[in-house]
Amino acid sequence: MLNPPQREAASHGGGPLLVLAGAGSGKTRVITHRIAHLIDQGIPAKAIAAVTFTNKAAEEMRERVAHILKNGKVARELTIGTFHAMGLWMLRQEREALGFPRGFAIYDQADQLGVVREILRRVGNDGADRRFDVKAILTRISLAKNGFIAPEAYAAAKANEADDYDVITAKVYPLYQEALRGFAAFDFDDLITEPVRLLDTVAEVRDRWRARFRFVMVDEYQDTNRAQLLLVQHLVADHGNLMVVGDDDQSIYSWRGADPTNILRFAEMFPGAKIVKLEQNYRSSKTILAAANAVIANNTKRHGKTLWSDKGQGELITHAVAPDVETEAKWVAQEARRLQEAGRRWQDLAVLYRSNLQAKLLEEELRAHDVPYTMYGGQQFFERKEVKDLIAYLRLALNGKDELALRRIINYPARGIGATTLEKLAARAQARHTSMWEVLKAAAQSDEAAAAELDVRASTRTALADFVDIITRLRERLATGVVAATRALVEEIALYDDLRGASPSLAAAQRRIDNVEGLFGTLTRHEAKGGGRDALADLLRHLSLQSDKDDKDEAGDKIVLTTLHGAKGLEFPVVFMVGLEEELLPHARTLQPQVTDVIDPDHATDVSEERRLCYVGITRAQQKLYITRACTRLTRGRTVPRTPSRFLLELPDELLEVIDLAELAREKVPATEVKDFFANFNFD
DNA sequence: AACTTGTCAATTTTT
DNA sequence: TTGACAAGTT
């Protein structure tokens with residue numbers, strides 16, 4: 001059942017344990033068996049926690065544990081969840097002590113950007129002669145939070161840096177944090193840092209949580225950041241019963257704050273730690289593993305593992321060299337079709353690329369060859385704007401301080417409240433140290449003084465009053481029934497009429513209406529479980545922790561298109577890695593960081609993470625790996641020559657079979673002709 | 001308040 | 001070359 005190192009890890013008693021789990025070495029199996037083992041030993045399920053990064057991983061883990069235990073009840077008593085869900089749970093438990101209202105909100109990235117934008121407007125461009133990239137500032141704030149650096153500390157350290165992004169962030173970060181507290185909102189990062197702060201400062205809370213778990217397990221440990229380490233340290237401080245599972249060679253998120261030191265120096269941070277390496281791979285052919293091992297061996301600063309397999313050599317890796325990107329994409333489409341005709345299912349195939357930009361051409365060629373595909377990742381949350389709008393109404397009704405929600409809907413659907421009025425409301429709120437919602441309510445009531453002070457037209461005042469009425473009514477109705485209240489709201493604001501009016505086609509309108517109806521489905525299920533208004537606040541918070549593509553349509557036999565990052569944790573019988581060229585992998589941005597980038601002086605132009613990305617890509621393949629590259633590429637309207645990726649040169653020649661696609665290029669139809677051809681069709 | 005024009009940049013995104 | 005975003009027009 002389990003191989004010797006797996007068994008050693010799964011039957012580990014107490015104390016710190018680091019499991020270095022290579023790609024495809026059965027790490028989830030080890031965690032689930034360890035949990036089952038602990039239960040067998042008589043440890044109560046309530047005293048065991050397993051922490052993951054994704055909802056998907058958490059769900060899978062719970063299912064597999066339930067399966068091993070053959071006991072759903074015990075499995076349900078386990079604490080299994082993401083870091084963020086765990087943090088949210090803690091904050092909810094301690095809500096009153098923190099002084100937060102029941103309806104407190106979770107801000108996602110769109111909300112966060114809104115907050116930063118607003119602050120920038122307030123502080124002005126601050127002497128700088130150029131516009132700041134809002135996202136670059138938010139990235140810095142997030143990195144600071146991940147590193148558990150408080151606003152004041154950051155401001156003190158960075159206020160006089162030469163980098164003006166550091167300087168503006170030093171100004172914005174404290175204001176940002178202040179704003180969030182004023183809105184009774186936490187961002188994703190707060191879900192980790194605020195519990196830590198609480199554990200740091202309140203002894204009673206600390207003791208309670210430390211007594212809660214006797215065994216803690218962390219998955220994908222190489223992806224943890226400093227704040228997460230601190231949280232884990234708190235939880236296991238009394239007993240040190242911490243098992244972490246991860247792979248330093250698959251650390252590809254350091255740009256998001258993940259700190260690989262956590263896994264590299266685990267033994268120093270948790271003295272007496274035992275280390276177990278899982279090096280037997282159950283996924284890939286010997287050839288593929290040899291390639292992966294050869295590439296990753298060029299990295300220093302690693303624990304060092306060599307994957308092996310008792311599978312056969314398998315096929316050689318095909319390295320296809322195309323004269324240009326069109327040919328590269330076209331060949332992938334053709335080869336995919338050939339494989340499918342030879343008996344492969346589409347879903348057995350995946351195309352992996354470094355940047356989403358590369359997907360566009362691939363999509364075109366796949367479509368032209370009638371190859372069905374599905375794209376993982378990519379930001380498609382725009383499509384759900386209508387859902388977010390409706391949720392904003394609910395959020396505001398539950399939490400009057402939620403200014404982002406208010407701003408989002410105060411004039412949606414349009415009711416004649418413009419930027420000027422909004423400015424006045426904001427200024428008033430600022431001056432009075434209160435929320436915009438309170439200002440609104442005062443002005444809307446027959447409070448002549450408040451209305452006069454606000455200095456708005458009578459018609460505007462009516463509009464404001466109407467808006468206040470809508471929210472107030474919604475709030476009252478929510479107390480008696482969530483679904484009915486939301487239905488009444490949708491009627492009242494004529495949401496569907498607005499969607500129909502704003503959509504370019506009837507089909508598009510229907511799709512958006514269906515999306516809203518999807519939300520109603522969620523609300524109905526929620527109500528069936530007896531959830532009232534307070535539970536609704538909980539539901540909305542958890543909804544924001546649910547990724548959009550959580551319900552990605554896995555159904556259907558389709559080729560998977562994804563970035564290398566998005567491919568982590570997945571596996572496919574056949575994998576195409578495209579664009580293995582310098583400046584793409586490793587990416588130009590790594591080789592030459594830009595002003596908006598946060599540059600770590602120790603790791604400037606360090607390509608080791610790019611190499612790990614390459615390693616992750618290779619190890620996704622079970623039976624057959626294709627690597628393609630183009631000799632020229634159209635970049636910013638210019639055709640530029642391309643050189644092979646340095647990682648490609650690290651692959652032993654005997655593992656490769658090289659094919660030249662020059663022949664295929666000669667029969668290609670010029671892209672312009674294809675465009676003209678399609679221009680004759682009217683796509684809805 | 002919807003449209004137009006100009007500017008700037010062009011990675012990766014588990015929550 | 002495409003696109004996103006914000007300021008400027010009608």
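Sequence lines set the chain letters: A, B, ... in the order given, protein chains first and strands last, and positions in each chain run from 1. Any value given below was found using the heavy atoms of this structure, including those in side chains, with hydrogens, waters and symmetry copies removed.
- Note on A:R415: nothing from the nucleic acid sits closer than 4.0 angstrom, heavy atoms only.
- A close approach under 4.0 Å does occur between a side-chain nitrogen or oxygen of A:N55 and OP1 or OP2 of B:dT15.
- Here C:dG3 is the nucleotide among B:dT15, B:dT12, C:dG3 with the atom lying nearest to any side-chain atom of A:K360.
- For the pair A:F53 CZ and B:dT13 P, the interatomic distance rounds to 16 Å; values are reported in whole Å.
- A:R354 has its CZ atom 14 Å from the P atom of B:dA10, to the nearest Å.
- Of the listed nucleotides (B:dT12, B:dT15, B:dT11), B:dT11 has the atom at the smallest distance from the side chain of A:T590.
- Stacking here means ring centres nearer than 5.5 Å and ring planes tilted less than 30 degrees, and by that measure A:F83 does not stack onto B:dT15.
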Intermediate values then yes/no, side chain to side chain donor-acceptor pair (under 3.5 Å), A:T169 and A:D166 | CA-CA 5 Å; A:T169 306; A:D166 284 345; 5.4 Å; no
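- The separation between A:Q250 atom CD and B:dT14 atom P is 16 Å, rounded to whole Å.
- Toward the 5' end of DNA chain B, the nearer of the two residues A:E609 and A:F188, judged by each one's closest nucleotide, is A:E609.
- For the C1' atoms, the distance from B:dT12 to C:dT1 is 22 Å, rounded to whole Å.
- Nearest-nucleotide positions on DNA chain B for A:H84 and A:E610 put A:E610 closer to the 5' end.
- For A:N411, the listed nucleotide lying nearest its side chain is B:dA1; candidates were B:dA1, B:dT13, B:dT15.
- Applying the 4.0 Å criterion to OP1 and OP2 of C:dA6, one finds that A:R121 has every side-chain N and O outside that range.
- Atom P of B:dT13 sits at a distance of 23 Å from the matching atom of C:dT2, rounded to the whole Å.
- Results of the salt bridge (Lys or Arg N to Asp or Glu O under 4.0 Å) test with A:E581 over A:R633, A:R629, A:R354, A:R646 single out A:R633 as the only residue that passes.
- Between A:N356 and B:dT13 there is a side-chain polar atom (N or O) within less than 4.0 angstrom of OP1 or OP2.
- Residue contacts shown for A:L357 are limited to sugar-phosphate atoms, with no base heavy atom under 4.0 Å away.
- The distance between atom CZ of A:R636 and atom C1' of B:dC8, rounded to the nearest whole Å, is 11 Å.
- Atom-to-atom, CD of A:E583 to P of B:dA10 comes out at 14 Å; the value is rounded to the nearest Å.
- With rounding to whole Å, A:L585 atom CG is found 11 Å from B:dT12 atom C1'.
- Counting any heavy atom pair closer than 4.0 Å across all strands shown, A:D223 reaches a base atom.
- Proximity note for A:Y253 (side chain, C-beta onward) versus B:dT14, B:dT12, B:dT15: the nearest is B:dT14.
- Checked against a 6.0 Å centroid threshold, the rings of A:Y107 and A:F186 do not count as neighbours.
- If you take CD of A:Q358 and C1' of B:dT12, they are 11 Å apart, rounded to a whole angstrom.
- Rounded to whole Å, the C1' atom of C:dG3 lies 26 Å from the corresponding atom of B:dT14.
- Other residues, nucleotides and ligands place no more than 12 heavy atoms under 6.0 Å from the CZ atom of A:R226.
- Donor-acceptor pairing under 3.5 Å, judged by distance alone, is present between the side chain of A:R256 and the base of B:dT13.
- Remark: A:T635 is not in phosphate contact with B:dA10, judged by side-chain N or O atoms under 4.0 Å from OP1 or OP2.
- Note: A:H565 and A:W255 meet the aromatic proximity criterion, with ring centroids under 6.0 Å apart.
- Distance A:Q594 CD to B:dA10 C1': 9 Å, rounded to the nearest Å.
- You'll find the ring centres of A:F104 and A:F183 outside the 6.0 Å limit.
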